[in-house]
**Student:** 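Sharing a structure here in structure tokens format.
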Amino acid sequence: METQTEALMRHSQPTTKEFKNFDSLLTTLGVGRWTLLMFGSYFLWALLLPYFSLGGAFYNPAVDHWCRVPQLDNSSWTLEQRLNYSIPREESGGRSQCRMFVRDYGAVEGVPWTPDLQTSPEEAATLQIQDCDSWQYDTSIFSTTVSMEWDLVCGKASLSPFFQSFYFFGTAVGEPLMGFIADRYGRRRVVIASTLIFVLTATSSALVPLYSLVLAGRFVLGMIHPIIGPSYIQGMEACPAKLRTVLGLLSTTPFAITGMLFGMWAYFIRDWRNLQLLCTFPVAFLLLQIPFMDESPRWLMMQERYEEATKILRKAARWQGVSLPQHKELVELLNKFKLENEAERRPAVSGSSLGASRRLAIWWQDITVLVRTTTLRRITIGLFGCWFCTGLTYWGMSLSGTTFSNDPFLYMVLSSLMEIPGYSGFTPVVARFGRRLVLSVNFAVCAAAILTILVTPSSYTWMIFSLALVGKLFITGSYGVLYLAASELFPTCVRSRGLSLSSLMARLGSIVSPFIIKVLAASHWWAPSVMFGVCAAVGSLMALLLPESNHKPMPDTVEQLELLYGSRSSSTSSIGEKGAGSSLNSKDSDCEEAAGV
């Protein structure tokens, strides 16, 4: 006999008619423990990855160095006395980092310092000079670094930036690869595999004795970095639509928090190997989460794995105290949603059924479609230029703690803090003044702040520090605006590849930035300020190439884009009318041509 509780549950059971699409299921589930768990991997990765993407700031910072003279190692002389006796001055006035006087150093071994040992400018001009064969390093800030351990200075200085650049090389390779694997094999599997690979690589690369192995580890860690994308998607696919905006705005906060923590840990741990091992520890929380992690039910539905998706949804309903249809009814409902989604999608040719030459042709058409018309060409050039300048300047400013500050630890904390208002603080400004103007002004203010450093007296350290933080704030704001502008300007049928290639431009900029910090700055102190400032100024000009997309409909086709932003652009209302006719009729042909079908 049916109990009163069972009867109440049966009568409160929702019917399938109440659900119009998958999002309506998520709305019924609401937000609870299961939703937060699905977002858990994203926030955990966001709290882990900055320790490695910003690694060059503390694992391999620029440190002062000079030639080592073994005979003077145990001398009672002060450092300044030893440098005066053995190290010549460069034309700039500073002590040489790569050359030394040719002297009989054995003759003064163990001899106390006397004034007659002082090297006068006249005597220095008569002495021969030779290149160093070993070095000593300034350990007042960092006890050991990657460059110290393998002497990546002077003749081998060009090898030092690869420590950071190999990470960015890895992200450029991993970004398309990680997205493909996640779509093909599921979000949960790729998160688990990435977690295991990451913990093994991060640990081993902090222990290996060869620089080549460290670089290999950095490349693998960089390839894993884009896992943040599938993790974010996994959470968003389990989140009710009304809360996605809020969670999206909060998504950058963990990166800023980790950057600040990185500066704190580095202050207490000055050895690069021990610091990396400590920063690997948060991956343990990812390992602990694995047994409780569910696959995205939306992805399972699209793969026609309805039984698995149903079990997860009903588990989520139990956890969050809500009711869903019975198991069989829910399976039928998911099958209905899947068929409706397929009906809305245009037919596509399977890549696996095409030959290599055909796939290459499709890849080429994916790129060339972005410059097919005058308007699209202008948008593509403007966005690609802005993304490159943003990537180079943002990462350059993030990794320049020893360049723009006497306290790299405080610089890291405060520059990471700048990211919170940088990503979210410009939202009302963009809504009021539009994307194009705000983007251009952000670049311009960043450029002005960085270039002002060039004319600021070196004794005004607080002012240089402040100007660098202003530059970081506004270049971070540019990153946020660019994502919005690119999403609105690229037509639907090329939006995904447009954003992907735009992001690749930023990756290329990030690969270049360590060479500016490590190689150019070693010989020209002004190089980072000039390069980052000029690049930001170029970005300001490139932003002016872009049309204003504020309060404009998002175009679905290239033809709609031309009607919106072309030389004979139409009003928003006329686009709506046109879109109902010829523009929409051309949608399939535009997209098919863009995809090479």
**Student:** Using 30° and 60° as the class boundaries, would you call the ring planes of Phe142 and Phe409 parallel, tilted or perpendicular?
**Tutor:** tilted

**Student:** Report the residue from Leu508, Ile516, Ile475 that forms a side chain to side chain contact (heavy atoms under 4.5 Å, CB included) with Leu392.
**Tutor:** Ile516

**Student:** For Ser415, which of Met260, Lys472, Met397 qualifies under side chain to side chain contact (heavy atoms under 4.5 Å, CB included)?
**Tutor:** Lys472

**Student:** Under the salt bridge (charged side-chain N to carboxylate O under 4.0 Å, His left out) rule, collect the residues that match up with Glu109, sequence neighbours excluded.
**Tutor:** none

**Student:** In a table with atom names and distances, give each donor-acceptor pair under 3.5 Å that connects a side chain of residues 455-465 to protein atoms at least two apart or in another chain.
**Tutor:**
from, atom 1, to, atom 2, distance (Å)
Thr456, OG1, Thr452, O, 2.8

**Student:** Mind running side-chain hydrogen bond (donor to acceptor under 3.5 Å, both in side chains) on Trp66 and Gln136 for me, showing each step along the way?
**Tutor:** CA-CA 6 Å; Trp66 52 86; Gln136 287 184 318; 3.1 Å; yes

**Student:** Taking only residues two or more places apart in sequence or in another chain, which ones pass salt bridge (charged side-chain N to carboxylate O under 4.0 Å, His left out) with Arg68?
**Tutor:** Asp73

**Student:** Yes or no on side-chain hydrogen bond (donor to acceptor under 3.5 Å, both in side chains) for Arg103 and Thr119, after CA distance, side-chain angles and deciding distance?
**Tutor:** CA-CA 12 Å; Arg103 288 180 181 270; Thr119 304; 2.8 Å; yes

**Student:** Under the ring pair (Phe, Tyr, Trp, His ring centres under 6.0 Å) test, which residues partner Phe163, sequence neighbours left out?
**Tutor:** none

**Student:** Which heavy atom of Met178 sits nearest a heavy atom of Pro230, and at what distance?
**Tutor:** CG-CG, 3.9 Å

**Student:** Could you list the donor-acceptor pairs under 3.5 angstrom formed between side-chain atoms of residues 527-546 and any protein atom two or more places apart in sequence or on another chain?
**Tutor:**
from, atom 1, to, atom 2, distance (Å)
Ser540, OG, Ser440, O, 2.9
Ser540, OG, Ser440, OG, 3.0

**Student:** Can Ser41 and Gln289 be said to form a side-chain hydrogen bond (donor to acceptor under 3.5 Å, both in side chains), step by step?
**Tutor:** CA-CA 8 Å; Ser41 64; Gln289 189 203 16; 4.8 Å; no

**Student:** What pair of heavy atoms forms the shortest contact from Ala486 to Leu383, and how long is it?
**Tutor:** CA-CD1, 3.9 Å

**Student:** Sequence neighbours left out, what pairs pass side chain to side chain donor-acceptor pair (under 3.5 Å) with at least one residue falling in residues 202-213?
**Tutor:** Ser205-Gln276

**Student:** In terms of relative ring orientation, are Phe285 and Phe281 parallel, tilted or perpendicular, with 30° and 60° separating the classes?
**Tutor:** perpendicular

**Student:** Which pairs pass side chain to side chain donor-acceptor pair (under 3.5 Å) with one or both residues in residues 139-154, sequence neighbours excluded?
**Tutor:** Asn60-Ser147, Tyr137-Asp151, Asp138-Ser140, Thr144-Asp271, Ser147-Ser160, Glu149-Trp272, Glu149-Arg273

**Student:** Quick one: list whatever passes ring pair (Phe, Tyr, Trp, His ring centres under 6.0 Å) with Phe262, sequence neighbours left out.
**Tutor:** Tyr51, Phe58, Tyr59

**Student:** I need the full list of side chain to side chain donor-acceptor pair (under 3.5 Å) pairs touching residues 165-180, with sequence neighbours left out, sorted by first then second residue.
**Tutor:** Tyr167-His225, Glu175-Ser503, Glu175-Arg507

**Student:** According to ring pair (Phe, Tyr, Trp, His ring centres under 6.0 Å), who are the partners of Phe162, at least two apart in sequence or on a separate chain?
**Tutor:** Phe166, Phe515

**Student:** Looking at residues at least two apart in the chain, or sitting in another chain, which of them share a disulfide bond (SG atoms under 2.5 Å apart) with Cys67?
**Tutor:** Cys132

**Student:** Do you see a donor-acceptor pair shorter than 3.5 Å between the side chains of Glu419 and Thr476?
**Tutor:** no

**Student:** Grab the two heavy atoms, one from Leu117 and one from Tyr85, that are nearest each other, plus how far apart they are.
**Tutor:** O-CD1, 3.4 Å

**Student:** Decide ring-ring contact (aromatic ring centres under 6.0 Å, His included) for Phe169 and Phe219; before the verdict, give the C-alpha distance in whole Å, the side-chain angles of both, and the deciding distance to 0.1 Å.
**Tutor:** CA-CA 7 Å; Phe169 275 126; Phe219 181 80; 7.6 Å; no

**Student:** Decide if atom CD of Glu123 counts as having more than 12 heavy atoms of other residues, nucleotides or ligands within a radius under 6.0 Å.
**Tutor:** yes

**Student:** Mind listing the closest non-hydrogen atom pair of Gly235 and Phe39 along with its distance?
**Tutor:** O-CE1, 3.3 Å

**Student:** With Trp45, which residues qualify under ring pair (Phe, Tyr, Trp, His ring centres under 6.0 Å), at least two apart?
**Tutor:** Phe198

